[in-house]
Amino acid sequence: MVDFVEISVLGREVSHSQIRQEEKETMGRGEDRISCLPESVLQSILTMMPLKSAIRTDVLSKKWRNLWKYSLSTATELDFGQDLVNNLSAIEFVETVNRYLSLHVCKKLERFHVFFSPFDLFASDIQRWISYAIGKGVRYLDIDLSQGFKYKKFGEFTHGRSPFELPSSLFDCDSLIDLSLCCCNFNTPLNLSHFGGLQSLSLSHSNISEEMLQSFLTVCSLLESLSLRSCQQLGAISIMVPNLKLKRLIIRDCRSVDLLVINAPKLQSFHYFGRLCIQTQFLNISSLKDASICSNIRYWRNMSLLSDILYVLNRRNVSILSDLLHVQILTLCSGALMHLNEFEGNLDIDLPLKYQNLRELQLLMNSMTNEDLTCFYKFFYLCSFPFVEKLCIQYSCKQLPKHIDYPNEEKYGGWMSLKCNTTFDRLKVIKITNFKGSSNEMSLVSSLLQKAAVLETLVLVIRPAKESNGEGILDWRILKGEVLLLQKASPTAQIILHEFGEDDDGLNSTHLEIYNYYNNENFL
């Protein structure tokens, strides 16, 4: 049947069988048929490729040489990213960008992205690039000047480079709908009158203040996505503008923020990373569907803060969790669980907290020490998830202990018995990443298997063995055998062990990028 299906190749009607025969003959001769196509066809192909890929075709043959310039001249998306900057010196990168822009003749520009470093020597070039994009009516502008960061978390440059000052021409652009700036500082006063169409704003390592943020929220009435990362001049974040359309809010490592107030009835996604604020108020987040709260309690301890401050944070953490009872997807890190572990009561909140709508829960753990396991069980004592269907437990791959003894019940105040009071009547999928088979981990897996009556799949992702003498393979087989011997409430539950990198993406957490971010940043 397939042999009679007709398709058109460059105006010639041929069958699939003819094409297959011609392909075999061509492969036998080692002939490059693509390069034999007319130049206009090759140019058309290049226009459908990413610019960086089109440029690489320059080395294929004489026929392809300089064809990419046609693709560049008509491109509506210009991406001068890491692939380019990592292979060139600073001077070569600037000269390359300037040369490419001189070849670009398209009247409109949809996207413009630059990843570079704000050397004072090239500040005028960067300003000119921004002005060029604005003159082309750019809609998606991404200026990332974080190359050369020594400590990205704290915004420190190597060689003492200073932040880049944004040109005033940026604020004359009325075509922007998506603006992303990293290591770029604003000059005051701000005139945002042309930013009424802005829908997405991402600021990282910026000097934005509370007043500037309020100006963005007030003027940009169509704003749906807001991301603030390492903006250390923010002492307070107040999302209180009437009729705001904000649907997605991300706050990362804004260490100076002590007050967080959110009144966003259309907010659907909220992700908070960093130390908890002393004052947090969720006035209206009725549409929220997914949330993540990742706080680092160890930061406070290292700062030797007073115990009453820590107590306020513990109370605040429980209050925050009580405001998220209606979410469908939730991620918490070990720092948040440690806050709960130090909570001693005296809150006007009914316990346990019942997450009636929650379908997916992800817990990001430092490890599974005695303290961690205690926090885990206490968490499920303070919170109830009657309808959760997927549970993902992600361990940091950098700090996992080789062996941990089973916790002492007397030492940990009887919290270990909590595992017997927790049930998972709807839980279908459990996934544990960076599983090493310690006694505490095995105890946790055993408890989950015994309480998940309808469990369909348990996935354990283990780190690849580093030993080359075969000893690691034997350990893997022993570990698999021990897990398969555990009792389980669901007779049909499938237990799968994967090495890291062989995982089934279909079972990944919805918030997988959060785990990847903190695993790379060593925040857990």
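We use all heavy atoms of the structure for the numbers below, so side chains are in, but hydrogens, waters and symmetry mates are not.
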Using 0.5 Å steps for rounding, measure from the [atom1] atom of [X] to the [atom2] atom of [Y].
X      : Y      : atom1 : atom2 : result
Lys378 : Glu371 : NZ    : CD    : 11.0 Å
Ser509 : Gln394 : OG    : CD    : 6.0 Å
Leu222 : Ser200 : CG    : OG    : 12.5 Å
Ile393 : Ile432 : CD1   : CD1   : 4.5 Å
Leu332 : Cys383 : CG    : SG    : 8.0 Å
Gln199 : Asp178 : CD    : CG    : 8.5 Å

Expected list for residues 182-193: side-chain donor-acceptor pairs under 3.5 angstrom, two or more places apart:
from, atom 1, to, atom 2, distance (Å)
Asn185, OD1, Asn207, N, 3.3
Asn191, OD1, Ser193, N, 3.3
Asn191, OD1, Ser193, OG, 3.0

*Take Leu141 and His113 through the side chain to side chain contact (heavy atoms under 4.5 Å, CB included) test and state the conclusion after the steps.*
CA-CA 6 Å; Leu141 181 62; His113 170 230; over 6 Å; no

Heavy-atom distance under 4.5 Å between the side chains of [X] and [Y], does that happen here?
X      : Y      : result
Leu78  : Leu109 : yes
Val94  : Val97  : no
Ile126 : Val114 : no
Val257 : Ile251 : no
Leu324 : Leu330 : yes
His498 : Leu460 : no

Testing the 3.5 Å rule here: is there a donor-acceptor pair between the side chains of [X] and [Y]?
X      : Y      : result
Asn357 : His326 : no
Ser230 : Asp253 : no
Gln147 : Ser117 : no
Gln328 : Glu360 : no
Gln268 : Ser287 : no
Arg229 : Ser204 : no

Determine whether the aromatic ring centres of residues [Y] and [X] are separated by less than 6.0 angstrom.
X      : Y      : answer
Tyr377 : Tyr381 : no
Phe112 : Tyr140 : no
Phe93  : Phe122 : no
Phe387 : Phe424 : no

Which heavy atom of [X] sits nearest a heavy atom of [Y], and at what distance?
X      : Y      : result
His104 : Lys108 : CE1-O, 4.5 Å
Phe115 : Ser146 : CE1-OG, 3.4 Å
Pro265 : Ser286 : O-OG, 3.8 Å
Val429 : Leu455 : N-CD1, 3.9 Å
Asn98  : Asp125 : ND2-OD1, 3.3 Å
Pro386 : Gln356 : CG-OE1, 3.6 Å

*asked:* Taking salt bridge (charged side-chain N to carboxylate O under 4.0 Å, His left out) as the cut-off, I'd like each qualifying pair that reaches into residues 138-148, sequence neighbours left out, listed once.
replied: Glu110-Arg139

_Using the side-chain hydrogen bond (donor to acceptor under 3.5 Å, both in side chains) criterion, which residues pair with Ser292? Sequence neighbours excluded._
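Applying side-chain hydrogen bond (donor to acceptor under 3.5 Å, both in side chains) to Ser292 gives His271.
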
Short question: side chain of [X], backbone of [Y] - any donor-acceptor pair under 3.5 Å?
X      : Y      : result
Ser206 : Leu203 : no
Lys266 : Leu244 : no
Ser256 : Gln232 : yes

_Pairs involving residues 209-224, ordered by first then second residue, that meet side chain to side chain donor-acceptor pair (under 3.5 Å) (sequence neighbours left out)_ = Ser209-Glu211

*Using ring-ring contact (aromatic ring centres under 6.0 Å, His included) as the criterion, list what pairs up with Phe195, not counting sequence neighbours.*
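Once residues adjacent in sequence are excluded, the partners of Phe195 under the ring-ring contact (aromatic ring centres under 6.0 Å, His included) criterion are Phe171.
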
*With sequence neighbours left out, what residues match Phe282 under ring-ring contact (aromatic ring centres under 6.0 Å, His included)?*
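Counting only residues at least two positions away or on another chain, Phe282 forms a ring-ring contact (aromatic ring centres under 6.0 Å, His included) with Phe270.
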
_Please determine whether side chain to side chain contact (heavy atoms under 4.5 Å, CB included) holds for the pair Leu88 and Thr96, giving the CA-CA distance in whole Å, both sets of side-chain angles, and the decisive distance to 0.1 Å._
CA-CA 9 Å; Leu88 300 173; Thr96 299; 3.6 Å; yes

Restricting to side-chain contact (heavy atoms from CB on, under 4.5 Å), what partner residues turn up for [X], sequence neighbours left out?
X      : result
Leu259 : Ala236, Val261, Gln279
Ser169 : Ser131, Ile134, Pro167
Asp174 : His194
Leu325 : Leu353, Tyr355

*List in chain and number order the residues that pass salt bridge (Lys or Arg N to Asp or Glu O under 4.0 Å) with Asp425, two or more places apart in sequence or in another chain; answer none if no residue qualifies.*
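Partners of Asp425 by the salt bridge (Lys or Arg N to Asp or Glu O under 4.0 Å) criterion come out as none, since no residue qualifies.
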
*Listed by chain and number, what are the salt bridge (Lys or Arg N to Asp or Glu O under 4.0 Å) partners of Arg426, not counting sequence neighbours?*
none

*Would you mind telling me which of Gln362, Lys431, Lys390 makes a side chain to side chain donor-acceptor pair (under 3.5 Å) with Asn508?*
Lys431

_Working note: Leu228 + Ile250, criterion side chain to side chain contact (heavy atoms under 4.5 Å, CB included); need CA distance, chi angles, decisive distance, verdict._
CA-CA 6 Å; Leu228 302 169; Ile250 301 175; over 6 Å; no

*What's the verdict on side chain to side chain donor-acceptor pair (under 3.5 Å) for Ser269 and Arg248, showing C-alpha distance, side-chain angles and the deciding distance?*
CA-CA 5 Å; Ser269 180; Arg248 180 175 175 84; 3.2 Å; yes

*For Val459 and Phe435, run side chain to side chain contact (heavy atoms under 4.5 Å, CB included): C-alpha distance rounded to whole Å, both residues' side-chain angles, the deciding distance at 0.1 Å, then the answer.*
CA-CA 10 Å; Val459 179; Phe435 184 79; over 6 Å; no

*Of Val327, Asp323, Ile262, which meets side-chain contact (heavy atoms from CB on, under 4.5 Å) against Leu288?*
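So the option named by the test is Val327.
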
